[in-house]
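Here the structure comes first, spelled out in structure tokens, and everything after it is commentary.
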Amino acid sequence: MNFELSDEQRALQEAARGALSRHKTLEAARDALDGGERLDLWDMAREVGWPGLLVSEEHGGAGLGGLDAMLVLAECGRVLASVPLLGHVPATAVLDAAGSHAELLSALADGERRAAFAGAQPPGDLSQEWTADPRRGHARVPAPRAEVDGDAAVVTGEVAWVPDAPGADVLVVAVVDADGAARAVLVDAGAQGVTVEPVVRYDATRLLGHVRLDGARGEVLAAADTELAAAWYLGQGLLAAESLGAVERALEVSVEYAKERFTFGRAIGSYQAVKHALVEVLRRQENARSLMYYAGWARQDAPAEFPLAASAARVAAGRALDFAARELISVHGGIGATWEHDAPYYFRRAQLSRRLLGGMGSATDRVAGELLGQAAA
Amino acid sequence: MNFELSDEQRALQEAARGALSRHKTLEAARDALDGGERLDLWDMAREVGWPGLLVSEEHGGAGLGGLDAMLVLAECGRVLASVPLLGHVPATAVLDAAGSHAELLSALADGERRAAFAGAQPPGDLSQEWTADPRRGHARVPAPRAEVDGDAAVVTGEVAWVPDAPGADVLVVAVVDADGAARAVLVDAGAQGVTVEPVVRYDATRLLGHVRLDGARGEVLAAADTELAAAWYLGQGLLAAESLGAVERALEVSVEYAKERFTFGRAIGSYQAVKHALVEVLRRQENARSLMYYAGWARQDAPAEFPLAASAARVAAGRALDFAARELISVHGGIGATWEHDAPYYFRRAQLSRRLLGGMGSATDRVAGELLGQAAA
Amino acid sequence: MDLNDTPQQAEYRAKVRSWLEEHKHEAPVLQGEGAIEDEHEAVEAHRAWQRKLAEAGLTGVTWPTEYGGQGLGPLEQVIVNQEISRAGVPGILDAIGVGMLGPTIIAHGTEEQKQRYLAAMLHGDEVWCQLFSEPAAGSDLAGIQSRAKPQDDGSWVLNGQKVWTTNAQFASFGLLLARTDPDVPKHKGLTMFIVPMDAEGVTVRGLRQITGDAEFNEVFFDDVALDPDLVVGPVNGGWGTALTTLMFERLTIGGGGEGMGYRADRFARALASDPAAVRDPEVRKRFGELATDLLALRFTGYRILTALQRGQIPGPEAGMGKVTVVNAAVAAGDLIADVIGPDAFSLDDEWNYLISFLPGLKSAGGTEEILRNTVGERVLGLPPEPRLDKGIPFSELRDKEREAAGASA
Amino acid sequence: MDLNDTPQQAEYRAKVRSWLEEHKHEAPVLQGEGAIEDEHEAVEAHRAWQRKLAEAGLTGVTWPTEYGGQGLGPLEQVIVNQEISRAGVPGILDAIGVGMLGPTIIAHGTEEQKQRYLAAMLHGDEVWCQLFSEPAAGSDLAGIQSRAKPQDDGSWVLNGQKVWTTNAQFASFGLLLARTDPDVPKHKGLTMFIVPMDAEGVTVRGLRQITGDAEFNEVFFDDVALDPDLVVGPVNGGWGTALTTLMFERLTIGGGGEGMGYRADRFARALASDPAAVRDPEVRKRFGELATDLLALRFTGYRILTALQRGQIPGPEAGMGKVTVVNAAVAAGDLIADVIGPDAFSLDDEWNYLISFLPGLKSAGGTEEILRNTVGERVLGLPPEPRLDKGIPFSELRDKEREAAGASA
């Protein structure tokens, strides 16, 4: 029994925190909203080897596990750093599993080239469909369709709000073939029929794009549909980790202020209303952390539980961040709702993250579906 | 503009409180659970004229409005009194609207005979069906069917958990005829093919029965389907009122205790955790009261809004009672969860009420449906 | 129960409605399509509109006639508000001045002050702002640190900072609470002043909110000289004067309710346009619950109006309406953005604005925690928290706080 | 991350499993179908089973070998618990004695006490109960009023009342905290005693809960004579002794998690049997959220076990697991009863029991509020509430309280 981080994992965490501390990420988050340039930390990520975190060592990667990637994302989330890993990492995981394209993989592991994952939500207990995020509205849309001929595929369809798609060199797309089977297709971002429309919403640290495929030609990867599903859930886990990191920092800042700020002759942190709310942030944070560990462990050691584990981690971390970001504003009183303060950027992060990659609603539904499906079996 | 109770209504309230104070209703609630006899206050109700509250004066009733009946139910709810009005009052409202059966109406108004309403939930924005509460489970069931021939009807079907059905002399049943139209049918409780199975669950002050109709013969009443719908919503409003009354008393008892009980040298009511929770009870209570007034006003002056108003009142009052009953237990510490204390009987009331007459879920859905339907129109 | 006007009220409403009908084409467009873009122009157009309303007797409805008001009751003010809203025209520019600060001057000012300031306020010629809150005195308003020192010639010199000041950027005057004696307990050494906003040493700085708009200002005072005749109410009796202002603030808020536009039908329209959302029981459940709260708010509003009509002043429990509306609106914003997805955060989307605006609104005008304390103590009669600052001179309080912060850090 | 046993643990687990495999037919049936109905018979059968477990070395796993224990670590205790649960047999009768009270005696008792009491406790021959809580001393445990007065011969006379006492109806001894000096501040005048439950003047009365079952007792003491050798730890040093017990209590709770049977898969089975519920997004949303909490609890449990294995003692934050599990179980009960309808409250329905049991569990072992205070102060380092009872002799406290209650009433 050992359900804590290893020494190597702690070292990875510390190194990540150290590397990020040399960048003014929060100021960048504010400036970017005010029309400034997004602070792209890809070069820094390359220096510390993050692009190849999940790529096997034979292809020049670090050959680490899902939990290691989550730990890095948590550190990015703490300081709202804009590092396009949420799209890149799941894409490299699919490619690595496919076992082909060694040269491309090396370039991706090195960070010389960048990938994004235009994923689809796998079928659940109630539906056999692979669905993609729509541009707008409550109804999910079918994943792109592909005509497959041997290794070649012609893909048509759209995936909206793909993390890190703008500027990616290649896209790994989850498609459905004529037989209704899910396939992974590698598409060059510059290929004919591919358009990536960059979109910025609310949290300008977030690089998003609508990926539109109009008869775009790509290569079918030898990755099973379970790999596509795992990549979707890896995205959920990474988003969970990012959110958890943001919660940690939000709580630290809130606690610090609650000790220093006085009202009616007492530090506000001595009042139960404030104290109990901050303990609630802590409770949610630690629950989210336990589930992030679960997701990391399950991806490696219990793949059948990974959909449940990653979805649960996302739900717990997302709800924790929702609560923590509002509490961060609230504990600071009016000043927490001003442009100059850091709190609103954690709030923006929470608001947007909640609606990405299927949204919190789909993740919650998936937790239920996994357990109800098992119970019915 | 006058959105407060009239002097007559305050007098009605006070008289009700006075009449009920002469009975040990809370002890009766406990004893009944321990196998004792239910304390039936029908005779008291007759003395003060409650059976005829909504029956027009020409038929020997008081000819009062829905809000007046709600005020009486609120007083019963305060002290968890078992007075079978929740079933009787909507039944008399339908009969009175039908304008027939003058003799029966007089007997019902006097309380010499007792009625119950085996109602059905009217169609909403998404469904055209009239549905009844099932014995068990999440799926609602169709309202009983009837073959209608002139004034005569032959009814088949079941309505479960009908308030005050056991011991009722007549039943007003919401049925659907061969054309799919809703009709009100008067059935004698002793008629062939009618069985009323008494059921007690959790809150022994509550008189419930499964009403089963196997080709039972009854008389079709000249009441429009809007009257049947109004009777259903009247039931929602009465249940709301009952809950509101229980909240009022739960809050009083909680506040009293919070002033007297000391811990760590301070009255527990001085701690924010307790104080803020009790203020939350008050907030919910007053919201529920405003909506009960709305329901009372709408039934009289804006019938088109009555479904919305009564459903909203039920949601607000039901949620308030859920919260207040748990808080009543919680503020008392462990002692609040003991059989000897009064708190558990408020908790039982909350738990059971929440699942009656379509349940809180249907009422909440109906609030949404009414507003979404209007918005779409 | 009766939601209709009395005959007198109906007559008054008809009069107001007909005036608005006749003059609404003269009203400026300040929001939505065709709105005046330049802020200065918008303020001037709004000022001109306030003047017209004033001349028609539609501002200061409850002010005494001797100061240019109509001497009517709060219900008539509500009727005017309702009719203005119905006509789709803006209200007055200086709602804070006319609603709260003017009445404070009427209650506590000298006759000279009343003559000098009230008429110009009512007509919008001189807009006012409220200079109470400070960075370190929000919930605990009496903890104010802005300092006005008496001079030998009877004048005062003001130094300090205020925050959350609406309209400061174009106000002519501010009503300001300052500490004039730090050596007595904190409620006892405060004085209320009128501050000319164009005085030397006054600096106004916009304070941007999450929305990106500067909805409030910070105001800095650097050796601002104040004449003796600018004191309102007794010297060192400013706390009592401020309580009058706060009472009028509650009255203003209590009368409203859905005034902020957080109405169930507005949110219903947003959801009804998405068929998948309409069919989703989870969406319906969340909407049903928040809509119930918003409906409750409307009918609680009618109860408060009934009380006002009967001459009762709403108690602190009226403030709970803010808790209800803010939380219901937050739930609505959450739900609608869940339904729409990330696109709800498009820059020009109304939900983007709503979601961004609410966190600031939550603490504006007192936090939910303080309100719950007040209601718990004054309405439910629960015992107060132990107060560690009672009876201690203000000047010593800060030292104690620093000491305590050091000990716990 | 590794959820597997170390080789040594695996070996130990195999040994435990094989013993249980061999002997599980000897275990009594205490719950469900075929359960022993008579309470006395059930207790005796349970006692015999504890003796067998003790003889096999499966009780007091962490106790020192000199007192009959196995001298192993908390992980081995967890392995035993897991295997007992897996085998579907009851645990020991006296979990409170062996888990919390025995270790207290080991830490603070005299050698005579250890020799006299520990072996009989371990084998279930003498069951123990914990006599700490009182009607007026729950959250504020140090507010205990039970009074033990010293006699000239060195013995004590005990008067007072205890409450929430599990197993008191068949316990041989109780470990009791009593006030021995009321003239010092409240934490300083307490002493821990061993009380023979058959002593004259001890009365046990069952205390029924919402479920209708007497899950706890009240215990009354009326001039009960206690020999000098029944004092555990220093006279007037009982607070320190009690802290040891509470530390072991936390350890016991911290190691568990889903032990109460509030598992996501159990609730999933209830819902999965209703197709309409499975298809309802609103039901799924509520279930998904509470299931997430319960899953988090399981994996938080593994983190705590890892810490235990590393020799760390769980901090107060481990108690938050109770907040999570109770609230998730309440949500599950609410949801399942919403799905089933009133019939969920049939007398023999497991949900009827669950819903009734939870409100009592909520305050058992300290309220959520006290826990949040403790975690806020000790884990987050937030400043404490002002304490009005500090340094005041206990005897004066009560007068102050009465006075304050009178003033606010």
Side-chain angles (χ1 to χ4, degrees), chain B residues 1-6 9 65 67 125-126 251 255 258-259 266-267 269-272 274-280 282-284 286-294 296-297 300-302 308-309 311-316 319 361 363-377, chain C residues 1-6 9 75 78 264-273 277-279 281 283-289 291-293 295-307 309-310 317 320-321 323-324 368-369 371-377 379-386:
Chain B
M1 162 72 62
N2 173 16
F3 209 67
E4 264 306 332
L5 301 182
S6 64
Q9 286 168 326
L67 183 58
D125 62 326
L126 294 184
L251 179 58
V255 166
K259 288 181 190 172
R266 286 166 54 185
S270 73
Y271 291 98
Q272 286 188 333
V274 172
K275 185 179 291 173
H276 291 190
L278 294 179
V279 169
E280 178 62 12
L282 176 69
R283 188 183 72 85
R284 293 181 183 220
E286 292 310 307
N287 279 350
R289 188 187 317 284
S290 297
L291 289 171
M292 180 180 83
Y293 289 0
Y294 176 30
W297 172 81
Q300 224 85 346
D301 293 345
L308 174 64
S311 304
R314 170 155 191 206
V315 171
R319 284 166 58 83
T364 312
D365 191 82
R366 187 51 48 102
V367 171
E370 288 294 312
L371 289 164
L372 292 171
Q374 281 167 29
Chain C
M1 304 254 154
D2 182 5
L3 292 182
N4 299 320
D5 292 330
T6 61
Q9 289 165 349
L75 255 283
V78 168
D265 51 359
R266 172 180 167 203
F267 300 131
R269 276 194 303 277
L271 296 171
S273 65
V278 169
R279 283 192 308 269
V283 170
R284 294 166 69 92
K285 159 83 167 304
R286 287 163 66 189
F287 178 61
E289 288 184 351
T292 297
D293 280 350
L295 282 171
L297 199 73
R298 181 189 305 167
F299 292 91
T300 301
Y302 293 141
R303 289 170 62 200
I304 293 174
L305 288 181
T306 303
Q309 182 166 264
R310 293 177 182 179
E317 69 276 18
M320 289 193 298
V323 175
T324 298
E368 188 170 325
E369 286 75 25
L371 180 75
R372 286 187 192 269
N373 277 356
T374 309
V375 173
E377 290 158 25
V379 181
L380 296 180
L382 293 168
E385 297 254 357

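Just the heavy atoms: all of them, side chains too, but no hydrogens, waters or symmetry mates, feed the values below. Reminder, nothing fancy here: chain letters follow the sequence lines and each chain counts from 1.
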### Query
Nearest 0.5 Å, what's the CE-CD distance between B:M292 and B:E286?
10.0 Å
### Task
Can you tell which part of B:Q300 gets under 4.5 Å to a heavy atom of chain C, answering side chain, backbone, both or neither?
neither
### Summary
Of B:L308, B:V274, B:L371, the largest count of non-hydrogen pairs under 4.5 angstrom with chain C goes to B:L371
### Query
Taking B:G65, B:S270, B:A312 one by one, which has the highest count of heavy-atom pairs under 4.5 Å against chain C?
B:S270
## Note on the structure
Cut-off 4.5 Å, heavy atoms of chain C, and the answer for B:R284 is neither
#### Entry: Part of B:N2 within contact of chain C (heavy atom distance under 4.5 Å)
both
#### Entry: Contact origin within C:N4 toward chain B - heavy atom pairs under 4.5 Å
backbone
### Task
Supply the atom-to-atom distance C:L380 CG to C:R372 CZ, rounded to the nearest 0.5 angstrom.
11.0 Å
### Query
With chain B, which of C:A291, C:P281, C:G288, C:A277 has the greatest number of heavy-atom pairs at distances under 4.5 Å?
C:G288
### Task
Nearest 0.5 Å please: distance from the OG1 atom of C:T300 over to the CZ atom of C:R298.
11.5 Å
### Query
Who passes salt bridge (charged side-chain N to carboxylate O under 4.0 Å, His left out) against C:D5, sequence neighbours left out?
C:R13
### Task
Go through the atoms of C:V379 and report whether side chain, backbone, both or neither lie under 4.5 Å from a heavy atom of chain B.
side chain
### Plane angle bin for B:F3 and C:F299 - parallel if under 30°, tilted between 30 and 60°, otherwise perpendicular
tilted
### Task
Select, from C:E377, C:R279, C:R286, C:E368, the one with the greatest count of heavy-atom pairs under 4.5 Å involving chain B.
C:E377
### Query
Pick from C:E369, C:E289, C:Q309: which one has the most heavy-atom pairs with chain B under 4.5 Å?
C:E289
### Query
When heavy-atom pairs shorter than 4.5 Å are enumerated against chain C, which of B:D301, B:V279, B:L251 gives the highest number?
B:V279
### Query
Out of curiosity, C:Y302 OH to B:Y294 OH, how far, rounded to the nearest 0.5 Å?
9.0 Å
### Message
Counting heavy-atom pairs under 4.5 Å with chain B, which one of C:V323, C:V278, C:N373, C:V375 comes out on top?
### Response
C:N373
### Task
Would you sort out whether C:E385 and B:Y271 count as a side chain to side chain contact (heavy atoms under 4.5 Å, CB included), showing the intermediate values?
CA-CA 7 Å; C:E385 297 254 357; B:Y271 291 98; over 6 Å; no
### Task
Please flag which part of C:T324 lies under 4.5 Å from any non-hydrogen atom of chain B: side chain, backbone, both or neither.
both
### Task
Sort B:L5 into side chain, backbone, both or neither according to what part of it lies under 4.5 angstrom from a heavy atom of chain C.
both
### Task
Among C:E317, C:R310, C:R303, C:M320, single out the residue with the greatest number of heavy-atom pairs under 4.5 Å to chain B.
C:R303
### Message
With rounding to the nearest 0.5 angstrom, report the CG to OG1 distance, C:L75 to C:T306.
### Response
8.0 Å
### Task
Just give me the residue among B:S6, B:A376, B:A258, B:A375 that pairs up with chain C most often, heavy atom to heavy atom, under 4.5 Å.
B:A375
### Message
Quick test of your reading: applying side-chain hydrogen bond (donor to acceptor under 3.5 Å, both in side chains), list the pairs with at least one residue in residues 364-377 of chain B, sequence neighbours left out, ordered by first then second residue.
### Response
B:Y233-B:R366, B:D365-C:R284
### Task
Dump the intermediate steps for ring pair (Phe, Tyr, Trp, His ring centres under 6.0 Å) on C:F267 and C:F287, then the final yes or no.
CA-CA 8 Å; C:F267 300 131; C:F287 178 61; 7.6 Å; no
